[in-house]
Trainee: 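Quick one: structure below, then a few questions.
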Amino acid sequence: MPKQGLEQKIIDALEPLAAERGIDVVDVEVVGASKAPCVRVRIDHADEGAPTISLDEVTAETAWISDALDELDPIPSSFTLEVSSPGMARPLRKPRDFARFAGQTVQVSLAPGEGRRRYTGTLLGIEDATVALECDGERVELPFDDIRKCTIKPDFTASDAKKQA
């Protein structure tokens with residue numbers, strides 16, 4: 001599920017620099033009007049055993065990301081840079097993400113084509129470029145390259161139960 005065009009160009013520029021710093025580029029999005037777009041960069045620790053990146057760490061990492069984008073100059077006009085943690089609705093982009101977050105509830109959108117394009121279910125994992133989900137008690141297998149977007153769906157039921165108790 002590689003990104004296309006400008007977003008992939010930015011990812012390709014940032015990932016080697018991020019690896020030197022122990023940072024994982026979780027996702028990049030370019031959104032908004034073409035005259036003044038917003039470049040959203042989501043980062044986390046590359047060490048999967050480390051806790052989620054803190055706000056102070058995100059702030060500290062923003063400078064090199066800004067410098068790298070200035071050097072790359074991916075957008076001819078001015079743009080806004082937003083750097084953040086992946087958040088609770090973490091995007092899954094790399095095959096290792098699909099293995100790492102197996103067991104989580106995810107929302108998947110597929111590229112336009114025949115049949116169903118959206119799924120919500122339990123991520124079972126990835127094998128041979130095929131992502132497996134359990135949706136409504138059935139196993140669904142989706143080609144990794146057909147996935148346009150996949151995010152973890154936060155579960156707020158446990159916190160709701162605590163509030164009512």
Side-chain angles (χ1 to χ4, degrees), residues 1-102 104-114 116-121 123 126 129 131 133 142-156 159:
M1 123 183 187
K3 292 274 191 172
Q4 300 296 317
L6 180 59
E7 292 170 343
Q8 188 60 49
K9 184 178 178 179
I10 294 169
I11 289 169
D12 291 343
L14 294 179
E15 281 188 330
L17 300 169
E20 293 171 6
R21 292 164 172 76
I23 296 296
D24 179 33
V25 177
V26 175
D27 194 33
V28 170
E29 288 181 306
V30 179
V31 296
S34 59
K35 289 185 180 180
C38 176
V39 177
R40 292 184 182 147
V41 179
R42 292 181 185 90
I43 60 173
D44 203 352
H45 295 288
D47 177 3
E48 295 176 1
T52 301
I53 196 163
S54 72
L55 179 59
D56 290 339
E57 291 169 313
V58 168
T59 302
E61 300 297 332
T62 300
W64 70 263
I65 294 170
S66 178
D67 291 345
L69 290 178
D70 285 345
E71 186 175 319
L72 180 64
D73 197 20
I75 300 170
S77 62
S78 64
F79 63 90
T80 302
L81 173 62
E82 289 181 5
V83 181
S84 69
S85 71
M88 293 179 70
R90 180 189 185 105
L92 306 183
R93 182 175 59 87
K94 303 171 192 163
R96 70 178 187 178
D97 294 338
F98 289 85
R100 177 180 176 192
F101 292 100
Q104 297 286 327
T105 301
V106 296
Q107 292 179 311
V108 179
S109 297
L110 300 179
E114 296 291 319
R116 187 171 170 181
R117 293 187 41 215
R118 289 181 175 49
Y119 294 86
T120 299
L123 177 61
I126 185 169
V131 174
L133 302 175
L142 307 170
F144 178 75
D145 289 339
D146 289 354
I147 297 174
R148 182 185 328 163
K149 184 175 183 180
C150 180
T151 57
I152 293 176
K153 183 177 180 194
D155 179 11
F156 297 108
S159 61

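All residue numbers refer to positions in the sequence shown, counting from 1. Note that the coordinates shown come from a computational prediction; the quantities given were computed from them, not determined experimentally.
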Trainee: Nearest heavy-atom pair of Val106 and Cys150: which atoms, and what distance?
Mentor: CB-SG, 3.9 Å
Trainee: Does the pair Arg42 and Glu29 meet the rule for a side-chain contact (heavy atoms from CB on, under 4.5 Å), with working shown?
Mentor: CA-CA 9 Å; Arg42 292 181 185 90; Glu29 288 181 306; 3.1 Å; yes
Trainee: Is Glu15 salt-bridged to Arg93, going by a charged N under 4.0 Å from an acidic O?
Mentor: yes
Trainee: I want to check something: taking the side chain as every heavy atom from C-beta on, are Lys9 and Val30 in contact at a cut-off of under 4.5 Å?
Mentor: no
Trainee: Hey, are the side chains of Glu61 and Val83 touching, using non-hydrogen atoms and a 4.5 Å cut-off?
Mentor: no
Trainee: Kindly compute the distance separating CE (Met88) from OG1 (Thr52), expressed to the nearest 0.5 Å.
Mentor: 10.5 Å
Trainee: Surrounding CZ of Arg118 (heavy atoms of other residues, nucleotides or ligands, distance under 6.0 Å), is the total greater than 12?
Mentor: no
Trainee: Going from CD on Glu7 to CG on Asp27, what distance comes out if it is rounded to the nearest 0.5 angstrom?
Mentor: 7.5 Å
Trainee: Do the side chain of Asp97 and the main chain of Lys94 share a donor and acceptor less than 3.5 angstrom apart?
Mentor: yes
Trainee: Which heavy-atom pair separates Ala68 from Leu14 by the least distance, and what is that distance?
Mentor: CB-CD2, 3.7 Å
Trainee: Which pair of heavy atoms, one from Ser85 and one from Val58, lies closest together, and at what distance?
Mentor: N-CG2, 4.0 Å
Trainee: Ignoring hydrogens and angles, tell me if any N or O in the side chain of Arg117 forms a donor-acceptor pair with the backbone of Gly113 under 3.5 Å.
Mentor: no
Trainee: Starting at OH of Tyr119, measure out to CG of Leu142 and round the result to the nearest 0.5 Å.
Mentor: 5.5 Å
Trainee: So how far is it from Glu82 CD to Thr62 OG1, rounded to the nearest 0.5 Å?
Mentor: 11.0 Å
Trainee: Using side-chain contact (heavy atoms from CB on, under 4.5 Å) as the criterion, list what pairs up with Ser34, not counting sequence neighbours.
Mentor: none
Trainee: Which pair of heavy atoms, one from Leu110 and one from Arg148, lies closest together, and at what distance?
Mentor: O-NH2, 3.8 Å
Trainee: Is any side-chain heavy atom of Asp67 closer than 4.5 Å to one of Glu71?
Mentor: no
Trainee: Quick check for you: to the nearest 0.5 Å, what is the distance between Asp70 atom CG and Ile65 atom CD1?
Mentor: 12.0 Å
Trainee: For a 4.5 angstrom cut-off between non-hydrogen side-chain atoms, does Asp24 reach Ile53?
Mentor: no
Trainee: Report yes if the side chains of Val131 and Ile147 come closer than 4.5 Å at any heavy-atom pair, otherwise no.
Mentor: yes
Trainee: Shortest non-hydrogen contact from His45 to Pro51?
Mentor: CD2-O, 2.9 Å
Trainee: At their closest point, which heavy atom of Ala18 faces which heavy atom of Val25, and how far apart are they?
Mentor: CB-CG2, 3.8 Å
Trainee: Could you tell me the separation between the CG atom of Leu92 and the CZ atom of Arg100, rounded to the nearest 0.5 Å?
Mentor: 9.5 Å
Trainee: The criterion is side chain to side chain donor-acceptor pair (under 3.5 Å); which residues satisfy it with Asp44, sequence neighbours excluded?
Mentor: Arg90
